[in-house]
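Working notes for the structure below.
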Number of protein chains: 2
Amino acid sequence: MEEQNVIRSLSALAQEIRLRVFRALVVAGPDGVTPGALGEALGVAPTTLSFHLKELSHAGLIVPTRDGRHLIYRADYAQMNALLGYLTENCCRGAPCAEPVAPVCKTC
Amino acid sequence: MEEQNVIRSLSALAQEIRLRVFRALVVAGPDGVTPGALGEALGVAPTTLSFHLKELSHAGLIVPTRDGRHLIYRADYAQMNALLGYLTENCCRGAPCAEPVAPVCKTC
DNA sequence: TCCATAGTTCAATAATACTTGAATTATAAA
DNA sequence: TTTATAATTCAAGTATTATTGAACTATGGA
């Protein structure tokens, strides 16, 4: 993963609304969620939500697909994994860590 | 981990200099690095570096300790783990993920 | 004590990011 | 074809974040 993409992804997640949106999509999994449902659940105005969805999309963290007059947004797990991996790369120069870095997803 | 702390941590990492600083500290491990050495390695002015070190410290991602007239900064692995875990919490509602979320640190 | 070194804090400027209403695009149903 | 619904884009004002030089604090050595 490129540094600029990492920064873009971290910036995308470093905002209350976008963090909540992303986590909601991570929880929803393969089903995804529409902007309407997200806006309803999170109490965010359509214009504002759209702006934030675009930020997350540009970062590659979420992906929209169209279904009739709805859009469905889904988390991109590969992108998330790449991001998490980047932060711990070459951790402790390959030595076993004093405080080991744990697997992030207990159910996988 | 509290949402506000998560956002603060992500904001802290979502900046070129701070991301490089943090990764340098992750690689350095328990030895840590001084601001002087970081500034030298990354080509950053002392004032600017100090500002960014404070941002990372406030987020709890790095911790300074004094050693004579030097400060030594170290990554806080527990905070990093908590952050990474937060992003994948309740992933796919506990179902096995379509695209599994991998352990982030191969050497641990 | 006096000076040099290691870092930080402060204040001002410069640059980015967030929100909102109005207008727009795309699809579906009457 | 006309109307309604779902969502986005645009432009503006507002707010937050980054950089820099000058001044300051703390430690160690001459």
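Every chain is numbered from 1 and lettered A, B, ... according to where its sequence line falls, protein lines coming before strand lines. This is a predicted model, so every value here is computed, not measured.
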Figure out the [atom1]/[atom2] separation between [X] and [N], and round it to whole Å.
X       : N      : atom1 : atom2 : result
B/Ile7  : C/dA17 : CD1   : P     : 16 Å
A/His52 : D/dA7  : NE2   : P     : 17 Å
A/Lys54 : C/dT19 : NZ    : C1'   : 14 Å
A/Leu38 : D/dT8  : CG    : P     : 10 Å
A/Leu49 : D/dT8  : CG    : P     : 7 Å
A/Leu71 : C/dA26 : CG    : P     : 12 Å

Exercise. Is the distance from OP1 or OP2 of C/dA28 to the nearest side-chain N or O of A/His70 less than 4.0 Å?
Worked result: no
Problem set entry | Side-chain N or O of B/Tyr73 closer than 4.0 Å to phosphate OP1/OP2 of C/dT8 | yes
Exercise. Taking all atoms of both residues into account, what is the closest heavy-atom pair of B/Leu38 and B/Ala24, and its distance?
Worked result: CD2-CB, 4.1 Å
For this session: Specify the closest pair of heavy atoms between A/Ala28 and A/Val33, including all atoms of both residues, with the distance to one decimal.
Result: CB-CG2, 3.6 Å
Problem set entry | Pairs involving residues 53-64 of chain A, ordered by first then second residue, that meet salt bridge (charged side-chain N to carboxylate O under 4.0 Å, His left out) (sequence neighbours left out) | none
For this session: Can you tell me which residue pairs pass the salt bridge (charged side-chain N to carboxylate O under 4.0 Å, His left out) test with a partner in residues 20-37 of chain A, sequence neighbours excluded?
Result: A/Glu16-A/Arg20, A/Arg20-B/Glu3, A/Arg23-B/Glu89, A/Asp31-B/Arg93
Problem set entry | Within residues 57-69 of chain B, residues whose heavy atoms come under 4.0 Å of DNA chain D | B/Arg66, B/Gly68, B/Arg69
Exercise. Got a sec? Which of residues 10-26 of chain A come in under 4.0 Å of DNA chain D, heavy atoms?
Worked result: none
Problem set entry | Test item: A/Leu84 and B/Leu87 side chains (from C-beta on) under 4.5 Å apart, heavy atoms | yes
Problem set entry | Heavy-atom check, side chain of B/Leu19 versus side chain of A/Val6, under 4.5 Å | yes
Problem set entry | Candidates D/dA18, C/dA6, C/dT8 - which lies nearest the side chain of B/Leu53 | C/dT8
Exercise. Contact class for B/Pro46 vs. all strands (heavy atom < 4.0 Å): base, sugar-phosphate, or nothing?
Worked result: base
Problem set entry | Counterpart residues, side chain to side chain contact (heavy atoms under 4.5 Å, CB included), relative to A/Ala14 (two or more places apart) | B/Leu10, B/Ser11
Problem set entry | With sequence neighbours excluded, residues passing side chain to side chain contact (heavy atoms under 4.5 Å, CB included) with B/Ala41 | none
Exercise. Does anything in residues 40-52 of chain B pair up under side-chain hydrogen bond (donor to acceptor under 3.5 Å, both in side chains), and if so which pairs, sequence neighbours excluded?
Worked result: B/Arg18-B/His52
Problem set entry | Criterion side-chain contact (heavy atoms from CB on, under 4.5 Å) on A/Ile7 and B/Leu13, from CA distance to verdict | CA-CA 7 Å; A/Ile7 289 171; B/Leu13 293 170; over 6 Å; no
Problem set entry | Degree of bending in the helix from C/dT1-D/dA30 to C/dA30-D/dT1 once both end axes are built from five pairs, to 10° | 20°
What donor-acceptor contacts under 3.5 angstrom involve side-chain atoms of residues 64-73 of chain A, with partners at least two apart or in another chain?
from	atom 1	to	atom 2	distance (Å)
A/Thr65	OG1	A/Arg74	NH1	3.1
A/Arg66	NH1	A/Gly68	O	3.2

For this session: Go through the steps to decide whether B/Asn90 and A/Val26 satisfy the test side-chain contact (heavy atoms from CB on, under 4.5 Å), and finish with yes or no.
Result: CA-CA 8 Å; B/Asn90 303 318; A/Val26 166; over 6 Å; no
Seminar exercise, completed: Between the OG atom in A/Ser9 and the CG atom in A/Leu83, the distance rounded to the nearest 0.5 Å is 5.0 Å
Problem set entry | Residues which pass side-chain hydrogen bond (donor to acceptor under 3.5 Å, both in side chains) with B/Asn5, listed by chain and number, not counting sequence neighbours | B/Gln79
Exercise. Just by protein heavy atoms under 4.0 Å, how would nucleotides 20-25 of chain D read 5' to 3' in B, S and -?
Worked result: BBB---
